[in-house]
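What follows is a single structure, written as structure tokens, with notes after it.
For the single chain, residues carry numbers from 1 onward in sequence order. FYI, side chains are in, hydrogens and waters are out, and symmetry mates aren't considered; it's all heavy atoms of this structure. Order of listing sets the numbers, starting from 1, for every ligand and every atom in it.
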Amino acid sequence: MQTESATLVTGATGYLGSLIVVGLLRETRAKVILPVRSHHTREGVLEKIRAAFAAEGQEAAPEDLARILTAELPAPGQYDRWIPFLEEQGVGEIVHSAGCLDYFDRQKLKEVNIDLTEDLIRVGKALGGSRFIYLSTAFSSGYTDGPIGERLHPEPASDPTEYTRSKREAEYLVAGSGLPFLIVRPSIVIGDSRDGHYDGKPFGIYQILGGYERLLTDRYLTSLHAVAPRMPLNLLHQDAFSAGFFAARRHLPSGSIFNLVSRQETLPTVRDLFELWMEISAHPEEVRFYPRLEEIPREAIDARQRMLIEFSEVNLAIAAHSWNFETGHLDRLRPHLPSYGDATLRSLRVCLERFAADSTRIQAFLKKYQDRFPQKTRIVEMGEVKTSLHQ
Ligand SMILES: NC(=O)c1ccc[n+]([C@@H]2O[C@H](COP(=O)([O-])OP(=O)(O)OC[C@H]3O[C@@H](n4cnc5c(N)ncnc54)[C@H](OP(=O)(O)O)[C@@H]3O)[C@@H](O)[C@H]2O)c1
């Protein structure tokens with residue numbers, strides 16, 4: 001359903017928020033209000049939106065950019081004073097994509113994921129019941145066994161991080177607000193399925209790739225050590241994120257909670273990710289795969305490799321858990337998504353090759369050490385491979 005009332009979008013200076021703004025400019029003719037923190041300028045915000053268009057080979061039309069209103073985000077608890085301005089602009093929808101993605105900083109997670117969400121719910125109510133779309137995460141269930149439903153989650157036995165706990169709590173606030181709502185839960189967002197371009201910060205697999213780039217490209221390592229189970233890696237391409245988000249916005253009824261993920265059967269595994277990366281960049285003579293992180297002989301391996309393992313531990317632990325997302329909404333939306341780019345081994349390769357091609361450090365490494373690369377990396381399985389990193 002297209003709405004001509006204005007949409008307020010938080011987090012527009014971020015990765016997914018900017019993709020949402022691009023989609024709104026394409027899909028509607030309405031005004032888009034972007035409250036941003038005081039360190040941003042209007043020109044900086046518009047530049048981010050222009051760049052998101054350009055990354056897709058398009059130019060942002062001046063008349064579309066003119067529909068963007070930027071405003072300074074009020075201080076916490078100061079949102080009431082903002083209401084007359086928003087009423088005047090005819091805001092009928094709030095898309096809340098601002099978030100804190102820190103894994104452990106409880107104070108920041110509370111300020112952004114909880115307190116800001118509460119403030120925006122108050123705004124929605126003061127505006128007479130704006131539709132509230134909340135960007136949560138597919139991992140808000142915490143660690144649970146069995147299918148992960150498209151409903152609010154009960155308290156799990158444990159959480160991978162404080163972040164997932166805070167997102168689950170925010171979902172309860174949104175669903176209990178009395179506002180018409182849609183909760184969208186994307187999995188790990190990676191680059192575009194068609195050309196691999198990635199507009200986000202170094203989160204998820206890009207945190208590991210960025211760590212590799214910084215730590216392991218100044219020398220050639222003949223032997224690498226890793227834990228990489230053959231578990232599906234829950235990736236979602238950024239073009240699939242946009243397509244799924246807008247299909248849900250148009251077609252899902254109020255009160256829906258949507259697991260926005262890729263088709264489970266075609267997902268690459270954590271092992272695939274490692275093996276691809278060996279082939280695209282590292283080219284060691286040998287890789288030793290261990291069933292558990294504890295079994296890697298950390299004191300005996302290269303110090304930088306040890307740092308990379310420690311740095312990637314949380315993401316590897318999340319990736320190694322079995323996440324079984326229910327996809328009832330996505331299955332029903334698929335007829336509206338003819339070119340939905342499910343993540344596959346092939347599309348992951350596109351993203352990894354793009355990352356390597358865009359990295360001057362990796363290109364320099366490939367050039368310098370190519371004569372030492374073996375025809376084929378030897379794979380050594382160190383013991384029985386289990387499905388959990390720590391069990
Ligand atoms: N990226 C993923 O793979 C992924 C997957 C699932 C769910 N999500 C969810 O998607 C949302 C957006 O993630 P992202 O990847 O786009 O993150 P991002 O690029 O880091 O963007 C975060 C946005 O939130 C804003 N923000 C942070 N702290 C704020 C505060 N105290 N007050 C107001 N705004 C604040 C940032 O503004 P500044 O520019 O001022 O810092 C930025 O616009 C988050 O809610 C996240 O939980 C992301």
Should the pair Glu56-Arg26 be classified as a salt bridge under the 4.0 Å nitrogen-to-oxygen rule?
yes

Return a yes/no value for Thr137: is any of its N or O atoms, backbone included, closer than 3.5 angstrom to an N or O of ligand 1?
no

Mark up the atoms of ligand 1 that fall under 4.0 Å of a heavy atom belonging to Leu116, in ascending order.
32 (N), 33 (C)

Is it true that Phe104 and Tyr163 have ring centroids separated by less than 6.0 Å?
no

Under 3.5 Å, N or O to N or O, is Ile188 touching ligand 1 that way?
no

Considering non-hydrogen atoms of the protein only, which is the closest contact for atom 22 (C) of ligand 1, and what is the distance?
Gly99 O, 3.8 Å

Is any N or O atom of Pro186, backbone or side chain, closer than 3.5 Å to an N or O atom of ligand 1?
no

Qualifying residues under side chain to side chain contact (heavy atoms under 4.5 Å, CB included), relative to Arg151, sequence neighbours excluded:
Glu326

If we number the atoms of ligand 1 from 1 as shown, the ones under 4.0 Å from a heavy atom of Ser97 are 11 (C), 12 (C), 44 (C), 45 (O)

Do any nitrogen or oxygen atoms of Gly14 lie less than 3.5 angstrom from nitrogen or oxygen atoms of ligand 1?
yes

Is there a polar contact between ligand 1 and Val189, counting only N or O atoms under 3.5 Å apart?
yes

Return each pair, listed once, that meets side chain to side chain donor-acceptor pair (under 3.5 Å) where at least one residue sits in residues 167-179; pairs must be two or more places apart or across chains.
Tyr134-Lys167, Ser136-Glu171, Ser140-Glu171, Glu155-Arg168, Asp159-Arg168, Glu171-Arg185

Taking NZ, NE, NH1 and NH2 as the nitrogens, is one of them in Glu310 or Arg304 under 4.0 Å from a carboxylate oxygen of the other?
no

